[in-house]
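Structure, as structure tokens:
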Amino acid sequence: MILKNKRIAILGAGGLGVCAALELAQRGYQVDLFEKHSEPIRKASFVNEGKIHLGFIYALDKDLFTARQMLVGAVHFISNLKRWISIQPEELISTPFNYCNHKGSLADAEELALHYQKCSQIFDEVSKRFGKKYLDLEDKIFSRKLSKSEMEDIVNPEFMEDVFITNEYSVEPRRIASLLREALYQEPKIELHLNSAVQKVERIGTNFRVHYSQSDQVFREDYDEVVNCTWNNLLQIDQTMGIEPLYNWSFRYKFGNKVLVPFQAEDFPSCTMVQGPFGDCVNFKDRGGFFSWYPIGRTGWSEGKNPPEWDKMYSEEERFDIFQRSFEELKQRVPALKGLQFPNEKVDPVGGVIFALGNTDVDNSSSKLHTRHEVGVRSFDGYHSVNTGKYTLIPLLALQVANRIDGKDETNEKTTGIHYHRHLQ
Ligand SMILES: Cc1cc2nc3c(=O)[nH]c(=O)nc-3n(C[C@H](O)[C@H](O)[C@H](O)COP(=O)(O)OP(=O)(O)OC[C@H]3O[C@@H](n4cnc5c(N)ncnc54)[C@H](O)[C@@H]3O)c2cc1C
């Protein structure tokens with residue numbers, strides 16, 4: 001392979017930064033990858049729930065842009081990851097999700113059924129167009145509303161209106177993070193700079209100067225192209241380049257509690273409670289369980305460009321308390337959870353940042369947080385800023401970034417204010 005001599009800096013070794021770096025290295029580029037933390041993929045792409053979205057949860061986005069966006073990402077998720085790591089989806093997936101329509105939901109069963117049906121239709125179109133299955137496993141997606149007696153086997157009917165079974169899954173993100181890290185450490189074309197916090201980027205002629213700090217020392221390096229994949233720091237670094245977000249935004253801190261003991265598939269059902277500020281439980285079988293209850297676990301909210309360092313703000317006791325209170329709420333709704341046994345040491349109550357356009361919360365039906373289609377790559381003559389949007393979109397966007405740098409994607413937006421969903425189609 002010819003070594004291409006463009007100098008590239010990727011800012012942030014999260015899921016997106018690492019996948020983009022691996023793809024560029026495979027194409028023959030030398031990449032410098034800067035990470036503020038002491039280890040790659042330890043933030044949002046590690047603590048998240050791993051749901052590979054089929055668009056079901058975005059039922060309030062009536063124009064279906066978000067559902068389409070997620071479906072395009074979902075069919076590329078495993079097949080793109082296979083470019084960089086050896087991965088068997090059967091070994092990583094959760095049990096399938098039940099969509100449980102909670103009392104007080106922002107949508108009724110009829111609206112949900114119609115939305116899920118539309119998602120299935122879009123899936124057929126997207127799957128045919130790209131010649132890809134969901135997670136390389138499913139060539140159809142489905143949902144079916146359960147009868148009241150079937151529903152009572154899964155949830156406490158005092159809290160739920162209806163339940164739909166689906167074939168949507170999560171993949172276990174910690175295992176994927178570990179496989180990606182191994183691939184990263186073995187790739188000689190990527191130079192990983194850990195404990196390196198990028199402060200700013202400036203344009204110097206046709207090049208870019210990246211300023212970063214290690215301990216108290218500040219360093220500078222020049223590059224031909226820069227990709228900002230810093231997620232929680234995206235807006236602040238973009239600002240140093242004079243780039244503003246499309247419109248108002250919010251950063252949230254949400255707990256992604258993990259219980260790290262093996263479960264049987266039949267121990268408890270994977271449930272997503274919709275439509276509004278509810279919660280999830282995910283059964284990853286031998287890879288443990290994930291438990292979140294939004295009203296308790298969504299502890300932080302910021303509309304600044306640089307959100308607080310939430311990861312450092314909670315004591316171990318406070319974290320455990322957030323897990324316990326969340327789990328109690330879930331137990332009331334999913335009775336099978338009452339039978340789970342695990343020692344406290346096996347609970348990992350970690351949290352992560354969610355960046356999204358929109359600054360009203362999910363209990364508001366017109367909140368922009370119910371959409372996630374104005375995401376993706378914004379390119380400004382060699383400086384690329386990536387709003388990942390969702391974990392689901394990482395492998396798709398990593399290829400899109402590489403295509404931009406490789407000159408295979410002609411799109412080079414210089415202005416803001418366009419519908420970014422077009423970039424993913
Ligand atoms: C609790 C929770 C549950 C979620 N569930 C789902 C889900 O089920 N499905 C789904 O699709 N999405 C989900 N998400 C969203 C998903 O996790 C994110 O969209 C995605 O992981 C973002 O990936 P990323 O690589 O952009 O960011 P990250 O993985 O956070 O990586 C960004 C990296 O940049 C580094 N960085 C930041 N600032 C600097 C700096 N100045 N200099 C150098 N490095 C820096 C960070 O340390 C980090 O390593 C969830 C998120 C959370 C928090």
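Position 1 is the first residue of the sequence, and the numbers go up from there. As the structure lists them, so they are numbered: ligands from 1, and atoms in each ligand from 1.
In terms of polar-atom proximity, defined here as any N/O pair under 3.5 Å, H37 makes no such contact with ligand 1. The shortest N or O to N or O distance between K43 and ligand 1 is not under 3.5 Å. Of the polar atoms of W231, none of the N or O atoms is found under 3.5 Å from an N or O of ligand 1, judged by distance alone. For ligand 1, the polar-atom distance check against A44 finds a nitrogen or oxygen pair separated by under 3.5 Å. Here's the thing with L16: one of its N/O atoms is less than 3.5 angstrom from an N/O atom of ligand 1. Between Y391 and ligand 1, a contact under 3.5 Å exists for at least one N or O pair. Between E49 and ligand 1, a contact under 3.5 Å exists for at least one N or O pair. The N/O atoms of V198, backbone and side chain alike, include one that comes under 3.5 Å of an N/O atom in ligand 1. Ligand 1 has no nitrogen or oxygen under 3.5 angstrom from a nitrogen or oxygen of R42. Remark: ligand 1 and G15 share an N or O pair separated by less than 3.5 Å (distance only, no angle test).
Ring-centre distance between H76 and F130: below the 6.0 Å cut-off. Proximity of the aromatic rings of F208 and Y223 is defined here by a centroid distance below 6.0 angstrom, and this criterion is not met. In this structure, Y116 has its ring center closer than 6.0 angstrom to the ring center of Y99. Aromatic pair F77/Y391: centroids less than 6.0 angstrom apart. F219 has its ring centre no less than 6.0 Å from the ring centre of H193.
Note: F268 and F263 have perpendicular aromatic rings, judged against thresholds of 30 and 60 degrees for the angle between ring planes. Ring geometry, F323 versus F320: the interplanar angle falls from 30° to 60°, so the pair is classed tilted. Ring geometry for Y253 versus Y314: interplanar angle under 30°, hence parallel rather than tilted (30 to 60°).
Of the candidates K51, H193, K200, M70, the one placing a heavy atom closest to atom 7 (C) of ligand 1 is K51. Of the candidates R252, K36, E39, it is K36 that places a heavy atom closest to atom 43 (C) of ligand 1. Comparing V350, N48, V210 against atom 51 (C) of ligand 1, the shortest heavy-atom distance belongs to N48. Here atom 21 (O) of ligand 1 lies nearest to S45 when heavy atoms of G73, A20, S45, A13 are compared.
Closest to atom 31 (O) of ligand 1, if we only count protein heavy atoms, is G14 CA, 3.1 Å. Ranking the protein heavy atoms by distance from atom 32 (C) of ligand 1 puts C229 O, 3.5 Å first. Of the protein's non-hydrogen atoms, E35 OE1, 2.7 Å is the one closest to atom 49 (O) of ligand 1. Looking at atom 39 (C) of ligand 1, its nearest protein heavy atom turns out to be T230 CG2, 3.6 Å. With hydrogens left out, the protein atom closest to atom 41 (N) of ligand 1 is N233 OD1, 2.8 Å, a heavy atom. In terms of protein heavy-atom proximity, atom 34 (O) of ligand 1 is closest to G12 CA, 3.3 Å.
Which parts of ligand 1 touch N232 is read off a 4.0 Å heavy-atom cut-off, strictly below it: atoms 37 (C). Those atoms of ligand 1 with a heavy atom of G352 less than 4.0 angstrom away are 53 (C). Close contacts between ligand 1 and K254 involve ligand atoms 1 (C) [criterion: under 4.0 Å to a heavy atom]. Residue G389 approaches ligand 1 through these ligand atoms, each under 4.0 Å from one of its heavy atoms: 19 (O). Every atom of ligand 1 is numbered from 1 in the order shown, and the set under 4.0 Å from a heavy atom of A197 is 42 (N). Taking every non-hydrogen atom of G50 and a distance limit under 4.0 Å, the qualifying atoms of ligand 1 come out as 7 (C), 8 (O). Close contacts between ligand 1 and F34 involve ligand atoms 43 (C), 44 (N) [criterion: under 4.0 Å to a heavy atom].
T95 and S270 are linked by a side-chain donor-acceptor pair at a separation below 3.5 angstrom, with hydrogens and angles left out of the test. No hydrogens or angles considered: nothing links the side chains of R372 and T66 as a donor-acceptor pair under 3.5 Å. Side-chain contact annotation: D238 with N228, donor-acceptor N/O pair under 3.5 Å present. Between the side chains of S250 and E303, no donor N or O sits under 3.5 Å from an acceptor N or O. At a cut-off of 3.5 Å, with distance as the only test, no side-chain donor of H53 or T392 sits close to an acceptor on the other residue.
By the 6.0 Å and 45° rule, R42 stacks over the aromatic ring of F46. In this structure, K118 forms no cation-pi arrangement with F123, as its terminal cationic atom is not both closer than 6.0 Å to the ring centre and no more than 45° off the ring axis. Under the 6.0 Å distance and 45° angle rule, K254 does not count as a cation-pi partner of Y294.
Here T392 has heavy atoms under 4.0 Å from ligand 1 in both its backbone and its side chain. At a heavy-atom cutoff of 4.0 Å, ligand 1 is contacted by the side chain of I237 but not by its backbone. The part of S196 lying near ligand 1 is the backbone, judged by heavy-atom distances below 4.0 Å. Contact annotation: for T388 versus ligand 1, heavy atoms closer than 4.0 Å belong to the side chain alone. Residue P40 does not touch ligand 1, judged by heavy-atom distances below 4.0 Å.
Screening L60, T360, V362, N364 against L369 for a side-chain contact (heavy atoms from CB on, under 4.5 Å) leaves a single residue, V362.
Ligand 1 lies within reach of I394, whose nearest heavy atom is under 4.0 Å from it.
Between F159 atom CZ and E161 atom CD the span is 12.5 Å, to the nearest 0.5 Å.
Using modelled atom types, one side-chain atom of S127 and one backbone atom of K132 make a donor-acceptor pair closer than 3.5 Å.
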